[in-house]
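Structure record follows, encoded as structure tokens.
Atoms considered below: every heavy atom in the structure, side chains included; atoms not considered: hydrogens, waters and symmetry mates.
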Amino acid sequence: MVISEGQLAELEGAGYRFVGGHRHSAVKACHWTRKSLLNRGFCYKQKFYGIQSHRCLQLAPGLPFCDHRCVFCWRNTDLTSPKWIGEADEPSEILDQAVAAQRLLLSGFGGHLDVDKVKFRESQEPKHCAISLAGEPTLYPKISSLVEECHKRGLTSFLVTNGLHPEVLSQMAEPTQLYISLVAPDKEIYNKVCRPYSEEGWTRLGESLELLHSFSCRTVIRLTLVKGLNFKDLSGYAGVIEKASPDFVEVKAYMCVGFSRKRLGVENMPSHPEIISFANDIASETGYKVAEDFEPSRVVLLGDKK
């Protein structure tokens with residue numbers, strides 16, 4: 001293991017459950033999954049793309065591994081390695097244990113007076129896998145097989161990547177939806193915000209963005225915007241987005257949660273009106289239209305390019 005037993009215990013105390021024989025994969029019951037079971041809200045992905053929040057499995061196939069150390073990341077970036085270390089568990093083992101762990105994490109809702117009983121029963125059989133919990137999933141050596149295993153089991157898959165591994169993206173099985181994170185309009189800001197281990201990070205990200213044209217699945221560029229860091233240079237973002245031409249663009253505010261609070265503060269969070277304004281300006285420059293917005297997560301969806 002890359003992380004120590006003490007660090008693993010700390011993560012489990014925070015709600016993570018490690019699965020698989022080599023314990024490099026983890027699940028965590030999402031805040032919105034819990035809210036949905038009580039009919040008190042749902043994730044923006046339900047509003048934007050039609051997933052069911054109460055049936056979503058939030059998964060990290062390689063939690064200890066990431067080649068970014070983003071300033072805004074909610075994880076403890078001191079725990080991660082930029083290269084895969086050790087053996088890799090099989091996707092079937094990861095998913096079997098991930099579903100079992102999710103059931104245990106949600107088991108307390110079975111006796112909750114306010115729980116939606118139908119939703120609770122459905123939650124025991126996830127239908128959606130968000131491969132986005134923590135770490136960089138394309139570092140997991142069997143990521144393509146994991147996506148295939150999801151689809152074999154009738155789960156839709158949303159894969160979120162930092163884009164540093166175009167060689168993986170070019171050969172892997174297509175997920176239901178592919179996200180590439182774009183958190184800078186240029187190389188200088190990228191290096192400052194993402195703090196990549198590789199000096200070729202910006203170039204490799206560009207290569208991944210160029211691959212979006214080759215995917216037949218739904219493709220998304222996600223902007224995570226932080227006041228004082230990367231919430232600027234509208235034209236720079238627009239130029240990258242126009243070149244990549246994804247199906248959708250998510251313009252999202254940084255949220256001051258987790259370990260990011262050690263690096264940033266609430267003053268670094270753009271307001272929802274500010275995000276709407278920035279999204280409208282990007283839409284004007286790129287030809288996309290504002291399709292939806294979700295104030296609790298301070299995010300706007302751009303789509304239906306003219």
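Checked against the 6.0 Å centroid threshold, W32 and H54 do not count as a close aromatic pair.
At a threshold of 4.5 Å between non-hydrogen side-chain atoms, the residues W202 and P196 do not count as touching. Counting heavy atoms from C-beta outward, E285 and S235 have side chains that approach closer than 4.5 Å. For the pair H165 and S208, the minimum side-chain heavy-atom distance is 4.5 Å or more. At least one side-chain heavy atom of I241 sits less than 4.5 Å from a side-chain heavy atom of L223.
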Stepwise salt bridge (charged side-chain N to carboxylate O under 4.0 Å, His left out) test for K152 and E149: CA-CA 5 Å; K152 189 186 302 182; E149 185 68 22; 3.5 Å; yes

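Both V249 and L211 belong to a single network of hydrophobic side chains, linked directly or stepwise wherever heavy atoms of I, L, V, M, F, W or Y lie under 4.5 Å apart. When hydrophobic clusters are built by joining Ile, Leu, Val, Met, Phe, Trp and Tyr residues whose side-chain heavy atoms come closer than 4.5 Å, directly or via intermediates, L302 is grouped together with L209. I131 and I180 fall within the same hydrophobic cluster, defined by Ile, Leu, Val, Met, Phe, Trp and Tyr side-chain heavy atoms under 4.5 Å apart, directly or through other members. Linking Ile, Leu, Val, Met, Phe, Trp and Tyr whenever their side-chain heavy atoms come within less than 4.5 Å leaves L178 and F248 in two separate clusters.
A side-chain contact (heavy atoms from CB on, under 4.5 Å) with N162 is found for exactly one of C70, P137, C194, C66, namely C66.
Distance CZ/R103 to CG/L57: 10.5 Å, rounded to 0.5 Å. Atom CD in E90 sits 3.0 Å away from atom NZ in K142 (nearest 0.5 Å). The OH atom of Y197 sits 7.0 Å away from atom OG of S81, with the distance rounded to the nearest 0.5 Å. Rounded to the nearest 0.5 Å, atoms CZ (F48) and CD (Q177) are 11.0 Å apart.
By the 4.0 Å N-to-carboxylate-O rule, K227 lies close enough to E274 to be salt-bridged with it. Salt-bridge annotation for R121 and D116: absent, with no side-chain N of the basic residue lying under 4.0 Å from a carboxylate O of the acidic one. Between D89 and R23 there is no salt bridge, since no side-chain nitrogen of the basic residue lies less than 4.0 Å from a carboxylate oxygen of the acidic one. Salt bridge annotation for D304-K289: present, with a cationic side-chain nitrogen under 4.0 angstrom from a carboxylate oxygen. Checked for salt-bridge contact, E188 and K192 miss the test: no charged N lies under 4.0 Å from a carboxylate O. Ion pair E200/K187 not flagged as a salt bridge, since none of the NZ, NE, NH1 or NH2 atoms sits closer than 4.0 Å to an Asp/Glu carboxylate oxygen.
Under the 3.5 Å distance criterion, the side-chain polar atoms of K119 are left unmatched by any main-chain donor or acceptor of S53. Proximity of a side-chain donor or acceptor of Q97 to a complementary backbone N or O of G20 within less than 3.5 Å is detected. Between the side chain of R55 and the backbone N or O of H128 there is no donor-acceptor pair closer than 3.5 Å. Side chain of S25 to backbone of I94: no donor-acceptor contact under 3.5 angstrom is found.
Ring geometry for Y179 against Y49 counts as perpendicular: the plane angle is over 60°, on a 0 to 90° scale with 30° as the lower cut. Using a 30° and 60° split on the angle between ring planes, F294 and Y44 fall in the tilted class, from 30° to 60°. The aromatic rings of W84 and Y140 lie tilted to each other, with the angle between the two planes from 30° to 60°.
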